[in-house]
*Asks:* 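This is the structure I have questions about; it appears just below.
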Amino acid sequence: MTQGHAPAKLGFGGAAIGNLYRPVGDDAARATIVAAWDAGIRRFDTAPHYGFGLSERRLGATLAELDPAGDAFVSTKVGRVLAPVADRDLTAERQGFISPEPVESMFDYSQDGVTRSFDASRSRLRRDRIDLLLAHDLGRATHGDDHPAHLATFLDGGYRAMRDLRDAGAVGAIGIGVNEIAICEELLDRVELDAILLAGRYTLLEQGALDRLLPRCAALGVEVIVGGPYNSGILATGVVPGAHYDYAPPPADIVRRVDAIADLCRRHGVPMAAAALQFPLAHPAVSAVIPGMADAEEVAQAVALASCPVPPGLWADLIHAGLVRPDAPVPSPEFSCPD
């Protein structure tokens, strides 16, 4: 598959164009979005948190030029509101972003907070309707002891606001965008969700979602979008200085697993990043994978990796070595990130 023919299941993760960890100029961000569009990518994911509105603003401005008919599928998130900040160094990293926006994000899962966040996102994105609206970063892993209070606020107010927006046609579908499995199962016990964006929890390194979550989503018809297919980068870079797993230096057991996966990929002549990108899409509940893309080169790499031939022997060896679970669906021999 060549540049210009990206499959429908490959999406664009918008954190990097919000200056995640490093500044990206407006022109460079625009060039990245244009490269994705020219490659045939039509699914774009962003959030107010990404650069404190910067990612949404850049995506909205560029898609207004490229996609005046609104054909792109755009998802964004609620659960944080942007509040003005005083006496901040806007050239320094704040909450992971280096953003010139004089605001920062604060958690707010209330009905009013969700409504205000959505209205502001719609303005930045220059779209009357958002295809998918996700509640961002619920869960104990993010909130610790504050999790029960945030969850109660969401269930009492924020979820109702999201459902009302969907019922009014302002949103096509609703769901959650999270980094942990437990909150997905907890919410599926309580409310109806159309989609789950699950970051980093169904990858070549982690397949715990196979126990209950993915079968349950398949049975309920809940769309699963896989974010973080490289587990914050280590499945793309391998074990190198500065490699990240879950936004932090990798622990020893992860280093050993990545080295073992990388060794088998080398034996089969397959880039580890290609296997990582294609693996989650073999599960019938998974509708898309959205790696982050920081520049036009990364867009081209993602499109190439999505179609890189992976011999069935690699999947067999990964299963035999205990690196991929035997109950995990794997791409078929003719698999190439299908539309």
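Along the sequence shown, residues are numbered consecutively beginning with 1.
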*Asks:* Between D119 and R122, does the salt bridge (charged side-chain N to carboxylate O under 4.0 Å, His left out) criterion hold? Intermediate values first, please.
*Replies:* CA-CA 5 Å; D119 287 341; R122 190 160 50 173; 3.2 Å; yes
*Asks:* Just wondering, do R140 and I183 contact through their side chains at under 4.5 Å, heavy atoms?
*Replies:* no
*Asks:* The test is salt bridge (charged side-chain N to carboxylate O under 4.0 Å, His left out); show your working for R129 and D131 and say whether it passes.
*Replies:* CA-CA 6 Å; R129 182 179 184 273; D131 297 286; 3.3 Å; yes
*Asks:* So does R80 get a backbone contact from the side chain of D108, meaning a donor-acceptor N/O pair under 3.5 Å?
*Replies:* no
*Asks:* If you measure only the distance, is there a donor-acceptor pair under 3.5 Å linking the side chains of T46 and S55?
*Replies:* yes
*Asks:* R201 and salt bridge (Lys or Arg N to Asp or Glu O under 4.0 Å): which single residue from E180, E185, E206 fits?
*Replies:* E206
*Asks:* Mind checking whether F12 and F44 have parallel, tilted or perpendicular rings, split at 30° and 60°?
*Replies:* tilted
*Asks:* Indicate yes or no: does D26 engage R30 in a salt bridge with an N to O separation below 4.0 Å.
*Replies:* no
*Asks:* Quick one, V226 and L198 - any side-chain contact, counting heavy atoms below 4.5 Å?
*Replies:* no
*Asks:* What I'd like to find out is whether the side chain of L155 reaches to under 4.5 Å of the side chain of L187, using heavy atoms alone.
*Replies:* yes
*Asks:* Is the backbone N or O of C308 less than 3.5 Å from a side-chain atom of Q278, with the two atoms forming a donor-acceptor pair by type?
*Replies:* yes
*Asks:* Could you check, using the six-membered ring where one of them is a Trp, whether F107 and H49 have ring centers closer than 6.0 angstrom?
*Replies:* no
*Asks:* Just so I know, are the side chains of L125 and I130 near enough to count as touching, which here means a heavy-atom distance under 4.5 Å?
*Replies:* yes
*Asks:* State, without any angle test, whether D89 and T91 hold a side-chain donor-acceptor pair at a distance under 3.5 Å.
*Replies:* yes
*Asks:* Taking atom types as modelled, find out whether N19 and S99 have a side-chain donor-acceptor pair closer than 3.5 angstrom.
*Replies:* no
*Asks:* I need the single residue from D137, V81, L151, D156 that forms a side chain to side chain contact (heavy atoms under 4.5 Å, CB included) with Y109. Which is it?
*Replies:* D137
*Asks:* Please lay out, stage by stage, how R160 and D164 fare under the test salt bridge (charged side-chain N to carboxylate O under 4.0 Å, His left out).
*Replies:* CA-CA 6 Å; R160 184 181 302 111; D164 289 348; 5.9 Å; no
*Asks:* For a quick test of reading the model, state the closest non-hydrogen atom pair linking R58 to I17 and the distance between them.
*Replies:* NH1-O, 2.7 Å
*Asks:* Give the C-alpha distance, both sets of side-chain angles, the deciding distance and a yes or no for salt bridge (charged side-chain N to carboxylate O under 4.0 Å, His left out) between R57 and E101.
*Replies:* CA-CA 11 Å; R57 196 181 312 282; E101 302 295 317; 3.4 Å; yes
*Asks:* Taking atom types as modelled and ignoring hydrogens, do the side chains of T32 and D295 form a donor-acceptor contact shorter than 3.5 angstrom?
*Replies:* no
*Asks:* Can you name the side-chain hydrogen bond (donor to acceptor under 3.5 Å, both in side chains) partners of D189, sequence neighbours left out?
*Replies:* R216
*Asks:* Do the side chains of C265 and P271 get nearer than 4.5 Å, heavy atoms only?
*Replies:* no
*Asks:* Cluster partners of L82, using ILVMFWY side-chain heavy atoms under 4.5 angstrom, listed by chain and number?
*Replies:* L20, Y21, Y50, F52, F97, V103, Y247
*Asks:* Search all heavy atoms of P326 against all heavy atoms of I319 and return the closest pair with its distance.
*Replies:* CA-CG2, 3.9 Å
*Asks:* Is there a side-chain contact between H283 and P329 (heavy atoms, below 4.5 Å)?
*Replies:* yes
*Asks:* Measure the shortest side-chain to side-chain distance between I234 and V240 over non-hydrogen atoms and say whether it is less than 4.5 angstrom.
*Replies:* no
*Asks:* Is there a path of hydrophobic side-chain contacts, each under 4.5 Å between heavy atoms of I, L, V, M, F, W or Y residues, that connects W37 with L59?
*Replies:* yes
*Asks:* Looking at side-chain heavy atoms only, is the closest gap between R163 and E192 below 4.5 Å?
*Replies:* no
*Asks:* Quick check: does any side chain N or O of K77 sit under 3.5 Å from a backbone N or O of L133, one acting as donor and the other as acceptor?
*Replies:* no
*Asks:* Let me confirm one number: the CD-CG distance from Q301 to L277, rounded to the nearest 0.5 Å.
*Replies:* 11.5 Å
*Asks:* Considering residues at least two apart in sequence or located in another chain, which fulfil the salt bridge (charged side-chain N to carboxylate O under 4.0 Å, His left out) criterion with D253?
*Replies:* none
